[in-house]
Every structure is written in C-alpha cells, then in structure tokens.
Student: 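Here it is, the structure, as structure tokens.
Residue numbers start at 1 and run along the sequence shown. Both counts, for ligands and for their atoms, begin at 1 and track the order of listing. Please read all numbers here as calculations on a predicted model, not as lab measurements.
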Amino acid sequence: WGHLLVDHLVQTDDPPKRFDLEHQLAKYRQSADYLREPLRPQYHFSPEINWMNDPNGLVFHDGEYHLFYQYNPAGNSWGHMSWGHAVSADLTHWQHLPLAIPEADGIMAFSGCCVVDHHNSSGFRRGDQPAMVAIYTGHGNGKQVQNLAYSNDNGRTWTKYAGNPVLDIDNPDFRDPKVFWHEATGRWVMVVSLAKEKVVVLYASKNLKDWSELSRFGPAGVAQKSNWECPDLFELPVEGGEGKTLWVLEVDMGSGSVAGGSGGEYFVGHFDGTRFTATQEAKWVDFGRDFYAPVSWSDIPQSDGRRIWIGWFNNWQTCLVPTSPWRSCMSVPRTLSLRKTPGRDDSGGDDSGGYVLVQRPVKELQQLRVHSRSIQTHGATWPPVAVTKPGELTDRVFELETTLKPGTARSVGLRIRTGDDEFTEVGYDREPGAVYVDRRKSGNVAFHQAFAGRHEAPARVLDGEVSLRLLVDRSSIEVFINDGEAVISDRIFPSGQKPTIEVFAGDESAQVTATTLHVLDSIWHPIGDN
Ligand code: FRU
C-alpha cells in the first residue's frame, strides 16, 4: 500500500478512544444541507459523512443490491479502514446502513468481496437463508492476510470467522481477494494480488476456508509502474458473437496510469479453471483520472446474467478533494461486454485492435430522467454558443446524448458547467483522433497541483461521426464514447452558478448534432432550488 504513505495521505493520528460516528451522523442528518451540498453528487453514491475509497463486496441477494466500501468511521481522510454498507432495490436509489465490518484490535478491514454461499459450502448458514460471506484483507501487525466474516441476516450484522486468517503467506503486500464460484470445476476461485510484485495469484477452495494455489499471472502490462491492487477476473460475452465469451482480468495500479495517478488496466484471454492466459496486450480501463478499483458482479436472477461494475470515482494522487463532511463517490454502475474492433487502420482486415471492454451506464438510471428534449445546435462555430434555456439546469445534474461530426475542423465539442471564465470542455480533436475532457478551468483546480488537466481517449470516427453520452453530476463527468468502447471519468469541482451547455465547432464543416438533453432527478431528494 505504498501510495497510501506517499502523497499527503495521512492516517488520523491519535485514534479516538471511541468513534462517535453515530453522534456525528445524527447531527449531520439534522442539517439543512443534508445530502444537498453544492458539490454533493445527486445520483452517484456517496457516504453521508467521512472518507470512502474502494467499492467492496458488490452482490445481489434476495432482491437487494449490496454495496460495501472502504470507509473511515473516524474522519474525512484515509484511516481506520472498515467496511461501510448501503443497499439498493433498483441500482439507482441507495439506502445508507450502519458500518458492516469494523476495524478491530488494530487490524483494518481492507478491500475484498462478498459471495452468497448457496450450497452452504462454508457451513455458515443458520436457518434456511444462505449466508453472505465476505472475504477481505486484514491489514495489521506488518502483514496482510485474507479473512472471512459472515452474515445470516442479509448483511445487517456480521460475525468474523473464529478461524481467521484463512490465507496467510506472511507477506506485507498481499491483498484484495475477489472470489467467484466456478461452475465447471465445482469450486470457489480467488484472485488476489501480490501488490509489489505485480503478480496476481489464483487459489481454489471447496469451503471458502481452505485455499490452495492454482497459478500466477504477471508481472505484465505496464509492468514498470507501481503496484497491482484489486484484481478482478470474470467472463464476458462478445457483442454479436453468438454466445462467444472471453475472460477479462482487471488490475489497478496505485500510480502511473494513462491519465496520471492511479487507474486500471485489463487483459482479455482465457481461463481454463486453473490458469488465466492473456491473448492480447493490456488496455486501459478508463481514460480519465478518476476511475479506480472497480468491482464486478452479476445480478442473476434480476437480469439474464449481465455483468456490472462500480468503481471508486477518485484518484489516489489527488484524493483529498475539496468536499466535506464527506469525501469521494462511486461511479455509476456500468454493464460490461467485449467488442471486436479493427486496428487504427479502419479498412477491414486489420485485426490488431483486438477486443475492447465496452462499458455502458445501467439502464435502471433512465428512471431518473424527469425531462428530455432535443437541442438545436446547428450553425455553431466559434466562440461557443449556449444551447440551454435559463433555469433549465438549476440542479446541475443531467445526461446528454450527442453526435460530433468533425468534418475537416481541428476540433468540435461542448462546454458544460460554465461560469465566469469557468467550464469543462468535452470535444473531439482531429489530431491525434481523440475525445478529450479538459478540466483545466473547471472550477476549483487549485486544491492539488496535479488536478488541472486534459485527458484523452483514442476514438474511432465511424461514418464521419463520434457519438458521446455524457453523465454530468454536481462534481463529476463520465463520457461514454461510441456506445461505450472508451470512457473518460473525471471529477470536477465547479463554482459556476450559470449551468449552461455551450457548443462549438472549429469551422463550418464540423457539427454537433442529434443532441438530446435529459434533466435528471436526485436520488436523495426531489429536485428543488438550490
Ligand atoms: C486500493 C487499496 C487496496 C486496499 C485499500 C485500502 O485503493 O489500496 O489495495 O485494500 O485500498 O483502503
């Protein structure tokens, strides 16, 4: 956990004798601003108060989606890591629940996963409901080990397994287990990281308690850069592949990723029940700076078996974002698939592009659309022109679907969250053929010297067009490019009180077209003036 020590990430010094979390929460719940602060995400999950990092233990059970997360019950920066908890019936509206797994005896509860033990392989079942079992890293006494905790009441209360740890190789950087049931071999499979070595180790178990090593993967990918954390291994369908599936191994680096700071890479290949083999080079998960440590899961029987994930919407390098009394939020849940893409030479035949991970916001989010309309954008060149009506975006949360036609212009695009000399720009640049998010003038960029920046994702122009879907919340933007084949996720901290959308084109050959605006509801309260 090297990056946790570097940068100015400080653990709370003197741990208070008794956390007064309940008291702090009660006080906060009375405040006029409750979940409505100007920078509080209105449809991305955030904890009511205090620091949050990685999502943990995403699972669907008995009609509920569970989101656990790295949480500091004692303050608004990293420390005393414990598992926070929230549930949702529709993957959109979240209910905050009490702490699930606390730090205890100086052992922090680091990242991990959750499974529903339908076959009672662990023997943790009481009554007729299968137990939920959390497999997580215990951090303390100079090493990291894998522990179990289980719940017999749908995650409301947890018991730590008396036989912990279940996996201890006497290593200080051995963390973030992700476990899944492998049907073909009839056993549990775990991927877990030897972080410093950039090696992922696979283990198997019949009962979640006794684990034996299967194989190792790595170092690989951008191997010279920092550590590997939070691995995930899962099977995905290939779009239009008539049932063809491939496996994806995702890993996260504490620093050195494509947009700077922390970020994820993924490998596509095969898993034979024992070993993962990559069949193509590593690719970047997200081209923005703020998508880390995603956790995937499948929500059968709620769906036909789609795979979804949620990531931490922050970056370790610039993680002390200017919000209080909470810090950090999650990305929206995204469905995953693989798409075969041609190489850079678009003429056909060129296979070098391989498979890309496709991410799309889950369809459930569409229920938040309170008002939709198409926007007239023709004729806009330079300077940018406003295309929204005064007052239309009062609550500043919206979704925008648009198509950019670059023509022969150098660039074409939009500005959102505009204010006096303030905007976040999203556009397509001919050279080098990329969609970008420019947050250099997005508002408060001074809280960290590495925050201001411009982040690019290579994008294909298909029939003269690049399609974009923008999800804008009070302090974030996610840009889904060409139906999800690349994503840019960035936090922004605007002060702008004139929340208009503006469009621009470098010359008359370029156009922003087919633009639909969806004004979104808040998941916390009905929209009001703010
Ligand atoms: C990743 C990470 C994990 C660790 C957790 C600690 O962001 O460093 O490797 O388990 O955060 O909070």
Side-chain angles (χ1 to χ4, degrees), residues 1-7 9-12 47 50-58 67-85 99-103 106-114 134-140 143-147 149 165 167 171-179 190-201 218 225-232 250-257 261-265 285-286 289-295 309-321 327-331 489:
W1 53 306
H3 63 281
L4 300 178
L5 295 172
V6 295
D7 239 338
L9 195 59
V10 238
Q11 188 182 339
T12 321
N50 293 357
W51 167 269
M52 172 180 81
N53 55 285
D54 314 353
N56 295 149
L58 269 303
L67 164 64
F68 301 90
Y69 50 87
Q70 289 287 286
Y71 187 64
N72 182 357
N76 205 15
S77 57
W78 189 89
H80 300 289
M81 297 325 291
S82 303
W83 278 32
H85 189 195
L99 206 60
I101 306 178
E103 171 194 43
I107 308 287
M108 296 198 229
F110 269 24
S111 284
C113 62
C114 207
I135 305 102
Y136 65 97
T137 298
H139 170 91
K143 61 182 177 177
Q144 296 182 337
V145 298
Q146 314 321 320
N147 288 335
L167 196 49
N171 189 299
D173 287 284
F174 178 52
R175 62 177 177 272
D176 307 337
K178 177 75 194 291
V179 174
M190 174 196 290
V191 282
V192 56
S193 187
L194 282 172
K196 284 252 164 67
E197 292 153 56
K198 295 197 84 160
V199 166
V200 166
V201 193
K225 301 285 188 181
S226 109
N227 53 2
W228 265 0
E229 309 181 307
C230 301
D232 198 349
E250 195 272 345
V251 280
D252 296 275
M253 294 187 267
S255 65
S257 87
S262 55
E265 55 182 341
V285 168
D286 192 299
R289 276 182 73 99
D290 297 308
F291 186 78
Y292 197 66
V295 175
W309 74 9
I310 283 184
W312 181 42
F313 210 161
N314 206 343
N315 186 314
W316 278 114
Q317 191 182 15
T318 51
C319 67
L320 294 178
V321 296
R327 247 198 203 116
S328 296
C329 62
M330 296 301 177
S331 73
S489 305

Student: Output the list of atoms in ligand 1 that are nearer than 4.0 Å to some heavy atom of Phe110, sorted by atom number.
Tutor: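 Within the 4.0 Å cut-off of Phe110, ligand 1 contributes 4 (C), 6 (C), 10 (O).
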Student: Can you sort out which atoms of ligand 1 are near Asp176, meaning under 4.0 Å from one of its heavy atoms?
Tutor: 3 (C), 4 (C), 9 (O), 10 (O)
Student: Using 30° and 60° as the class boundaries, would you call the ring planes of His139 and Phe110 parallel, tilted or perpendicular?
Tutor: parallel
Student: Do we see a donor-acceptor contact under 3.5 Å between the side chains of Gln70 and Asn56?
Tutor: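 Yes.
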Student: Could you tell me which atoms of ligand 1, counted from 1 in the order shown, lie closer than 4.0 angstrom to a heavy atom of Ser111?
Tutor: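 Going through ligand 1 atom by atom, the ones under 4.0 Å from Ser111 are 5 (C), 10 (O).
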Student: Could you check whether Asp173 pairs with Arg175 (Lys NZ or Arg NE/NH1/NH2 to Asp/Glu carboxylate O, under 4.0 Å)?
Tutor: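 Answer for the salt bridge query: yes.
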Student: Against heavy atoms of Asp54, which atoms of ligand 1 measure under 4.0 Å?
Tutor: 1 (C), 2 (C), 3 (C), 5 (C), 7 (O), 11 (O)
Student: Check the orientation of Trp78 and Trp316. Use parallel for under 30°, tilted for 30 to 60°, and perpendicular for over 60°.
Tutor: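 Rings of Trp78 and Trp316: perpendicular, as their planes differ by over 60°.
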Student: May I ask you to list the atoms of ligand 1 that are less than 4.0 angstrom from any heavy atom of Tyr292?
Tutor: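 Under 4.0 Å from Tyr292, ligand 1 has these atoms: 1 (C), 7 (O).
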Student: Can you label the angle between the Trp312 ring and the Tyr292 ring as parallel, tilted or perpendicular, going by 30° and 60°?
Tutor: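 Aromatic pair Trp312/Tyr292 classed perpendicular.
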Student: Only counting residues at least two apart or in another chain, list the ones meeting ring-ring contact (aromatic ring centres under 6.0 Å, His included) with Tyr69.
Tutor: Phe45, Tyr71
Student: Could you please spell out the steps behind the side-chain hydrogen bond (donor to acceptor under 3.5 Å, both in side chains) verdict for Glu265 and Trp228?
Tutor: CA-CA 10 Å; Glu265 55 182 341; Trp228 265 0; 3.0 Å; yes
Student: Have a look at ligand 1 and work out which part of Asn53, if any, has a heavy atom under 4.0 Å from it: side chain, backbone, both or neither.
Tutor: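 For Asn53, the contact with ligand 1 is made by the side chain alone.
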Student: Provide the number and element of each atom of ligand 1 under 4.0 Å from a heavy atom of Met81.
Tutor: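 Per the distance check, 12 (O).
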Student: By number and element, which atoms of ligand 1 are closer than 4.0 Å to a non-hydrogen atom of Gln70?
Tutor: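 Near Gln70, meaning under 4.0 Å from one of its heavy atoms, ligand 1 has 5 (C), 6 (C), 12 (O).
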Student: Yes or no: does Trp312 have any heavy atom under 4.0 Å from an atom of ligand 1?
Tutor: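 Under 4.0 Å: no for Trp312.
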Student: Which of the numbered atoms in ligand 1 are under 4.0 angstrom from any heavy atom belonging to Trp316?
Tutor: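 Listed by number with element: 1 (C), 7 (O), 11 (O).
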Student: When rounded to the nearest 0.5 angstrom, what distance separates OG in Ser328 from CG in Asn76?
Tutor: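 The OG atom of Ser328 sits 8.5 Å away from the CG atom of Asn76.
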Student: Hey, is Thr137 one of the residues with a heavy atom under 4.0 angstrom from ligand 1?
Tutor: no
